[in-house]
Amino acid sequence: MNNLQTVETQVSLEIYGLKNVTAHWNLSPEKLQQITVDKKMGKETKNGTLSINTGKFTGRSPQDRFIVKDDYTADKVWWGKTNKPVSTENFNKLKNEVTKYLSGKELYVRDGYVCAEPEFRTNIRTVTELPWSNLFVYNMFLRPSEKELENFSEDWLILCAPGYVCPDPAAYGIRQGNFSIINFTDKIALVGGSAYTGEMKKGIFSALNLILPVEKNVLPMHCSANVGKKGDTAIFFGLSGTGKTTLSADPDRKLIGDDEHGWTADNTIFNFEGGCYAKVIDLTEEKEPDIFRAIRPGALLENVVFNADGDPDYLDSSITQNTRVSYPIYHIDNIQETLYANNPKNIFFLTCDAFGVLPPVSKLTPGQAAYHFISGYTAKVAGTEAGITEPVPSFSACFGEPFMPLHPAKYGEMLSKKMQEAGVNVWLINTGWSAGPYGVGSRIKLKYTRAMITAILNGELDHVDYEQNPIFGLFMPKYCPGVPTEMLDPMNTWLQKGAYIGKAIQLAHSFHLNFEKFAHQATQQIIEGGPLIDEHHHLEEHI
Ligand SMILES: Nc1ncnc2c1ncn2[C@@H]1O[C@H](COP(=O)(O)OP(=O)(O)O)[C@@H](O)[C@H]1O
Ligand SMILES: C=C(OP(=O)(O)O)C(=O)O
Ligand SMILES: [Mn+2]
């Protein structure tokens, strides 16, 4: 366990403009939990796990994420809807307001670091207004030893002030009262007006996503990672909710991390973080035993509803669909202690296709791999209201556009090169819907997705026959152990072929439309990696 001291350090926090504060440094998880409960900011489940509500924000607010535009960032960042600029002057004004707000308060300081590979280690000092925000940071970042804490000096500072809501956003160049701003020159992540803990972890992720490729020749990736008994690493890219955390927790493989990794020039995959942040909606011990059992004292539940006997009701989404738990990675039994490993042998792109038209598993050519990485497709069911079933396609470059300060082509080029050098296999896994006898309107069963991944990792799909999907051009295995053969070709799962084709062409068209903005930078090989057909073509000749 870490440094358990509670030191009054009003003096040292003054360097950040925080005056007359009572600072609690590096409190133990137990202590933070106790304080949270004592202050009636949270309560404990029957097994003693702390559960809190994050308030108005139960998810990130990407429209309120800004980057300070200055000499360092101006020519590097891909400015636009995702990476919105704010001036140095406005940042300083806002930071002053935040530090004024935090001054005189009881605050929680946490010294930790990110990047498990020692060469890239980056120290992060986090100052939080709320005790449980500090527990989140303890869980999610890497934990220095006591010795390391004695001589700690930070590379980056996070100031997290959920209670500060900016009264006059227009005067500071921001959109509304809450904000999440990254300043690369001062190395500060400033969070105000939102208590959603994910803002802190994704703020630092966004910072690393610029620094590592630009300064260290490391490819940062929004992916999970694990490693098998033979040292065979696998990584799983995917947008929120596609299965990174779920599928990387595999008792037969050592977990490296569930969300953010770097791929170095020396052929290493390393975790940025020291914990996991899992979705708990509909969680059951039977379906996801490792995650379920990680929810024990030390973990932090967010926005779950309790049932009458004092336990979380994971089926209840009345606060949000995005119910979460964070826990230190050692709450999972089988982990890679160093949190890094060798080059991957297999890369999975996870997509949750709510249209039910992408094959559940397909093998990608290098051109297709680059095309799908740049596209970053997933789809969501439109709403939870009865009768609304039309999904919304969503494209997020590099499977993580909200966190990527550089142009997607930069990450795409690095990944293509690394995939080639490593001779890695790339697979597209649809963890979404399958529209036929295996579940009209229901998601592909987790046990089937797991079976597909296990078969791939065991090399069992290396020698089976493949057939090409006529619309997407993807190569679908004709056989996969543990999976009903009929479901491998999505056309079979639809009651009518024509209905499948119509829907698939509609999605193919969305792919083409989205890719237009990247086409001028893409090679012929990558463009040919896209869907074969769109609405202007006739299919008869292909079927
Ligand atoms: N076939 C499937 N594959 C992966 N996840 C599935 C599947 N079916 C349902 N799920 C659920 O989808 C969610 C995936 O979320 P998660 O693993 O946290 O995604 P991410 O880490 O990519 O944000 C989990 O709640 C999981 O139980
Ligand atoms: C924590 C997040 O990531 P993910 O859903 O990918 O786990 C998030 O998007 O806020
Ligand atoms: Mn996740």
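Each ligand, and each atom within it, is numbered from 1 in the order the structure gives. Values below: every heavy atom of this structure, side chains too, minus hydrogens, waters and symmetry copies. Predicted model only: the values in this text are computed from it and were never measured.
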Checklist entry - Can you list the steps and then say if S180 with E199 is a side chain to side chain donor-acceptor pair (under 3.5 Å)? => result CA-CA 7 Å; S180 200; E199 294 286 1; 3.2 Å; yes

Should you measure from each heavy atom of [X], which atoms of ligand 1 turn up under 4.0 Å away?
X: L239; result: 22 (O)
X: I444; result: 1 (N), 2 (C), 8 (N)
X: K279; result: 15 (O), 18 (O), 23 (O)
X: T242; result: 19 (O), 22 (O)

Specify the protein heavy atom at minimum distance from [atom]: its residue, its atom name, and the distance to 0.1 Å.
atom: atom 11 (C) of ligand 1; result: R443 NH1, 3.5 Å
atom: atom 25 (O) of ligand 1; result: I281 O, 4.0 Å
atom: atom 19 (O) of ligand 1; result: G243 N, 3.1 Å
atom: atom 7 (O) of ligand 2; result: R324 NH1, 3.1 Å
atom: atom 17 (O) of ligand 1; result: T246 OG1, 2.6 Å
atom: atom 2 (C) of ligand 2; result: K202 CE, 3.4 Å
atom: atom 2 (C) of ligand 1; result: L446 CD1, 3.6 Å

Ligand-side contact atoms (ligand 2) for residue partner [X], heavy atom cut-off under 4.0 Å:
X: R60; result: 8 (C), 9 (O), 10 (O)
X: D259; result: 4 (P), 6 (O), 7 (O)
X: K201; result: 1 (C)
X: S240; result: 4 (P), 5 (O), 6 (O)
X: Y277; result: 1 (C)

Next on the checklist: I'd like to check whether K244 has a polar contact with ligand 2, where a contact means an N/O of the residue lying under 3.5 Å from an N/O of the ligand.
Outcome noted: yes

Checklist outcome for this item: A student comparing K244, K287, E288 should find that the heavy atom closest to atom 27 (O) of ligand 1 comes from E288

Checklist entry - Looking only at non-hydrogen atoms, which of C276, C223, G241 approaches atom 14 (C) of ligand 1 most closely? => result G241

Item to check | Option among T197, T245, D259 that satisfies the side-chain hydrogen bond (donor to acceptor under 3.5 Å, both in side chains) test with Y277 | outcome: T197

Item to check | the Mn ion (ligand 3) to nearest N/O/S of S240 below 2.8 Å | outcome: no

Checklist entry - Checking H261 side chain against M221 main chain: does a donor-acceptor pair fall under 3.5 Å? => result no

Next on the checklist: Between N346 (side chain only) and L457 (backbone N and O only), is there a donor and an acceptor less than 3.5 Å apart?
Outcome noted: no

Next on the checklist: In this structure, does ligand 2 have an atom that sits under 4.0 Å from one of the heavy atoms of H222?
Outcome noted: yes

Checklist entry - Of all the heavy atoms in G198, does at least one lie under 4.0 Å from an atom in ligand 2? => result no

Does the separation of the ring centres of [X] and [Y] fall below 6.0 angstrom?
X: F272; Y: F120; answer: no
X: H372; Y: F511; answer: yes
X: F373; Y: Y371; answer: no
X: W156; Y: F184; answer: yes

Next on the checklist: Just to check, does L350 reach to within less than 4.0 Å of ligand 1 when the distance is taken from its heavy atoms?
Outcome noted: no

Next on the checklist: Between the side chains of R121 and D155, is the shortest nitrogen-to-carboxylate-oxygen separation below 4.0 Å, so that they form an ion pair?
Outcome noted: no

Checklist entry - Is D258 salt-bridged to K244, going by a charged N under 4.0 Å from an acidic O? => result no

Next on the checklist: Is the terminal nitrogen or CZ of R296 (NZ for Lys, CZ for Arg) located under 6.0 angstrom from the six-membered ring centre of Y327 and within 45° of that ring's axis?
Outcome noted: no

Checklist entry - Please walk me through it: do T49 and N47 pass side chain to side chain donor-acceptor pair (under 3.5 Å)? => result CA-CA 6 Å; T49 307; N47 85 355; 2.5 Å; yes

Item to check | Among E286, E285, E288, salt bridge (charged side-chain N to carboxylate O under 4.0 Å, His left out) partner for R293 | outcome: E285

Item to check | H222 and its ring pair (Phe, Tyr, Trp, His ring centres under 6.0 Å) partner, picked from F349, F236, F403 | outcome: F403

Checklist entry - R324 to ligand 1: N or O pair under 3.5 Å? => result no

Checklist entry - For ligand 2, does Y196 get within less than 4.0 Å through its side chain, its backbone, both, or neither, judged by non-hydrogen atoms? => result side chain

Checklist entry - Please walk me through it: do T320 and N322 pass side chain to side chain donor-acceptor pair (under 3.5 Å)? => result CA-CA 5 Å; T320 174; N322 189 31; 5.3 Å; no

